[in-house]
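Reviewing the structure listed below.
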Amino acid sequence: MKFVSKAALAGVILLGAPTLTVVAPATAQQAAQIKVSQNFRKGAALVESAIQAKNWAAAKAQLDVLKPTASGEDEKYYIDVFALQVAVGLNDNAAMVPALDALIANPKTPQADLGRYNFFRGDFADKAKQYAQAVTYYQRARDLGYAPNGANLNLLIAQAQIRGGQVAPGVAAIDAAIKAEEAAGRKAPEAWYKFAASALYTSGNKAGAAQWLSRQVAAHPSADAWRSSLLVFVEQAGTGGATLDADERLDILRLMRATGAMAGESDYYQYAEAAQRRGLPWEARAVIDEGRASGKVSKPNPRLDPIYTQATGREKAEVPLAQEEKRAAAAANGTVAMATGDAYLASRNLPKAIELYRLALQKGSVDTNLVNTRLGIALALAGQKAEAKTALSTVNGGTRGEIARFWLAWVDQAA
């Protein structure tokens with residue numbers, strides 16, 4: 001968060017501060033509004049003159065003389081205003097806070113000024129890591145209708161809540177801030193999504209963080225955004241001794257490929273090796289071919305060339321998939337159909353992959369979350385967006401559900 005600068009505080013306080021006319025009020029109405037004694041008015045004139053001349057030391061000295069003479073709410077109000085002006089002019093943080101507190105509590109402070117005073121008071125509390133106080137002041141400023149330049153109060157409230165340990169309310173406030181931006185026809189900054197995702201991951205809510213990462217790439221789609229979000233997801237999924245299984249890792253790598261987020265040789269190596277280990281030589285070879293064509297994989301390449309040679313040999317030795325289809329149709333359960341669907345997906349025969357995955361679900365005895373993820377991927381790659389969303393939306397729970405959510409975000413983006 002970017003805190004409010006002292007220059008901004010000075011500008012708002014000094015421009016908005018009332019002045020006390022030295023001469024007698026011109027009308028009876030003005031006289032009724034300003035109830036100060038002539039003695040107070042004379043002393044206040046000296047303070048005002050020093051403030052206008054930006055002679056802050058003289059202003060403070062004159063204010064110290066004036067304070068003991070103040071009586072009545074109006075005179076005390078002007079003392080509070082002068083105290084804040086002088087504190088800002090002297091860059092005296094220790095004096096600004098009590099001055100703001102006095103003005104917030106003063107019954108003579110105009111309602112129109114209370115919002116900005118609460119906002120600046122919240123900023124001081126935020127800087128001091130007094131997050132509960134910061135939230136209170138920011139909320140008052142928002143409720144009073146104050147709209148600070150260059151800042152979003154909903155976001156400031158959310159950040160203070162999260163830093164103070166109130167992650168759920170803070171994330172809800174960020175959500176509200178994003179929706180308010182959208183309602184106004186604006187796109188919320190990508191940093192807002194990242195802040196929410198980071199807070200949720202830090203608090204241990206990986207599922208919630210994955211949702212926010214998928215929202216981030218949906219709102220700010222780019223190859224770099226996809227790559228960073230998916231890498232963060234993989235890293236966080238592996239915390240606490242947990243790890244992605246081979247199928248989960250492969251489906252994340254497939255999404256990196258679909259979104260153009262494959263960045264260099266290491267990505268292509270991990271993908272090709274994962275596909276090869278899962279018995280999918282068609283996919284391993286195709287990925288290396290893409291890497292070579294893009295210039296991201298050098299040729300010759302001591303890491304990837306052996307995988308490519310192996311994949312090419314295994315691909316030629318594979319049983320014709322049409323033969324496996326017949327086995328799948330005759331099988332008592334969907335296991336063979338699922339494996340055949342995987343092979344068709346790896347070879348990018350998407351219509352056949354869709355057909356076999358549906359057969360696997362029909363016959364049963366398979367991991368329905370896994371099969372529906374793969375069915376959704378095949379449908380998405382085939383351009384059947386509505387059907388892909390239907391399949392992916394049935395995937396629930398755990399890491400597999402989070403992966404499906406990322407694919408859903410890509411389907412929405414592609415649509």
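Residue numbers count from 1 along this sequence.
- Salt-bridge annotation for Arg254 and Glu283: present, with a side-chain N of the basic residue lying under 4.0 Å from a carboxylate O of the acidic one.
- Atom CD of Gln270 is separated from atom CE of Met262 by 8.5 Å, given to the nearest 0.5 angstrom.
- With respect to Glu182 and Lys179, no salt bridge is recorded, no charged nitrogen being found less than 4.0 Å from a carboxylate O.
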Apply side chain to side chain contact (heavy atoms under 4.5 Å, CB included) to the pair Trp226 and Trp410, showing each step before the final yes or no. CA-CA 9 Å; Trp226 273 107; Trp410 180 68; 3.7 Å; yes
Test side chain to side chain contact (heavy atoms under 4.5 Å, CB included) on Tyr344 and Leu350; report intermediate values, then the result. CA-CA 7 Å; Tyr344 275 130; Leu350 300 175; over 6 Å; no
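- Other residues, nucleotides and ligands contribute over 12 non-hydrogen atoms within 6.0 Å of the CZ atom of Arg303.
- Cation-pi check for Arg292 over Tyr308 is met; the charged atom lies under 6.0 angstrom from the ring centroid and within 45 degrees of its normal.
- Thr368 OG1 to Leu375 CG: the interatomic distance, rounded to the nearest 0.5 Å, is 11.5 Å.
- The side-chain heavy atoms of Tyr201 and Leu213, taken from C-beta on, include a pair separated by under 4.5 Å.
- In this structure the side chain of Ile162 reaches within 4.5 angstrom of the side chain of Val171, judged on heavy atoms.
- Of the inter-residue distances, the one linking Tyr77 atom OH with Glu75 atom CD reads 14.0 Å to the nearest 0.5 angstrom.
- Side-chain atoms of Arg277 and Leu250, non-hydrogen and from C-beta on, never get closer than 4.5 Å to each other.
- Contact check on Glu402 versus Arg405 returns no salt bridge, with no Lys/Arg side-chain nitrogen under 4.0 Å from an Asp/Glu carboxylate oxygen.
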Any chance you could lay out the side chain to side chain contact (heavy atoms under 4.5 Å, CB included) test for Phe40 and Ile79, step after step, and finish with the verdict? CA-CA 10 Å; Phe40 182 86; Ile79 290 293; 3.9 Å; yes
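- For the residue pair Val135 and Ala160, the shortest heavy atom distance occurs at CG2-CB, 3.6 Å.
- Between Val86 and Ala59, the shortest heavy-atom contact is CG2-CB, 3.9 Å.
- Taking OG from Ser298 and CG from Asp305, the interatomic distance works out to 7.5 Å, rounded to the nearest 0.5 Å.
- We find that Lys127 and Asp123 are joined by a salt bridge, their nearest charged nitrogen and carboxylate oxygen being less than 4.0 Å apart.
- Other residues, nucleotides and ligands contribute only 12 or fewer heavy atoms inside 6.0 Å of the CG atom of Asn149.
- The salt bridge (charged side-chain N to carboxylate O under 4.0 Å, His left out) with Asp267 is formed by just one residue from the set Arg249, Arg257, Arg227; it is Arg227.
- In this model, no donor atom of one side chain and acceptor atom of the other lie less than 3.5 Å apart for Asp224 and Ser222.
- Asn372 is not listed as a side-chain neighbour of Leu392, based on a closest heavy-atom distance of 4.5 Å or more.
- The shortest side-chain heavy-atom distance between Trp407 and Ile403 falls under the 4.5 Å cut-off.
- The two residues Glu324 and Val319 come nearest to each other via the heavy atoms OE2-CG1, 3.8 Å.
- Taking CG of Asn349 as the reference point, atom CH2 of Trp282 lies at 11.0 Å (rounded to 0.5 Å).
- A pairwise comparison of heavy atoms in Val297 and Glu265 identifies CG2-CA, 4.5 Å as the closest pair.
- Rounding to the nearest 0.5 angstrom, the gap separating the CD atom in Gln62 from the NZ atom in Lys60 is 12.0 Å.
- Two residues are said to be in side-chain contact when any heavy atoms from C-beta on lie closer than 4.5 Å; Val411 and Leu379 fail this criterion.
- Between Asp412 and Lys389 there is a salt bridge, with a side-chain nitrogen of the basic residue lying less than 4.0 Å from a carboxylate oxygen of the acidic one.
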Begin from the C-alpha positions of Lys187 and His220 and carry the test side chain to side chain contact (heavy atoms under 4.5 Å, CB included) through to its verdict. CA-CA 9 Å; Lys187 181 184 286 190; His220 295 273; 3.3 Å; yes
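- Between Val167 and Asn205, the closest side-chain pair of non-hydrogen atoms is not below 4.5 Å.
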Report the C-alpha distance between Lys76 and Asp80 in whole Å, list the side-chain angles of each, state the deciding distance to 0.1 Å, and finish with yes or no for salt bridge (charged side-chain N to carboxylate O under 4.0 Å, His left out). CA-CA 6 Å; Lys76 289 178 181 178; Asp80 294 339; over 6 Å; no
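- For Asp247 and Arg400, the salt-bridge test fails: no basic side-chain N is under 4.0 Å from an acidic carboxylate O.
- Taking the six-membered ring where tryptophan is involved, the planes of Tyr78 and Phe82 are tilted, since the angle between them lies from 30° to 60°.
- Between Trp212 and Ile178, the closest heavy-atom pair is CZ3-CD1, 3.4 Å.
- Side chain of Arg374 to backbone of Ala353: no donor-acceptor contact under 3.5 angstrom is found.
- Smallest separation of non-hydrogen atoms from Val217 and Ala225: CG1-O, 3.5 Å.
- Considering only heavy atoms from C-beta on, Tyr146 stays 4.5 Å or farther from Asn118 through its side chain.
- The aromatic rings of Tyr138 and Phe119 sit tilted, their planes meeting at an angle between 30° and 60°.
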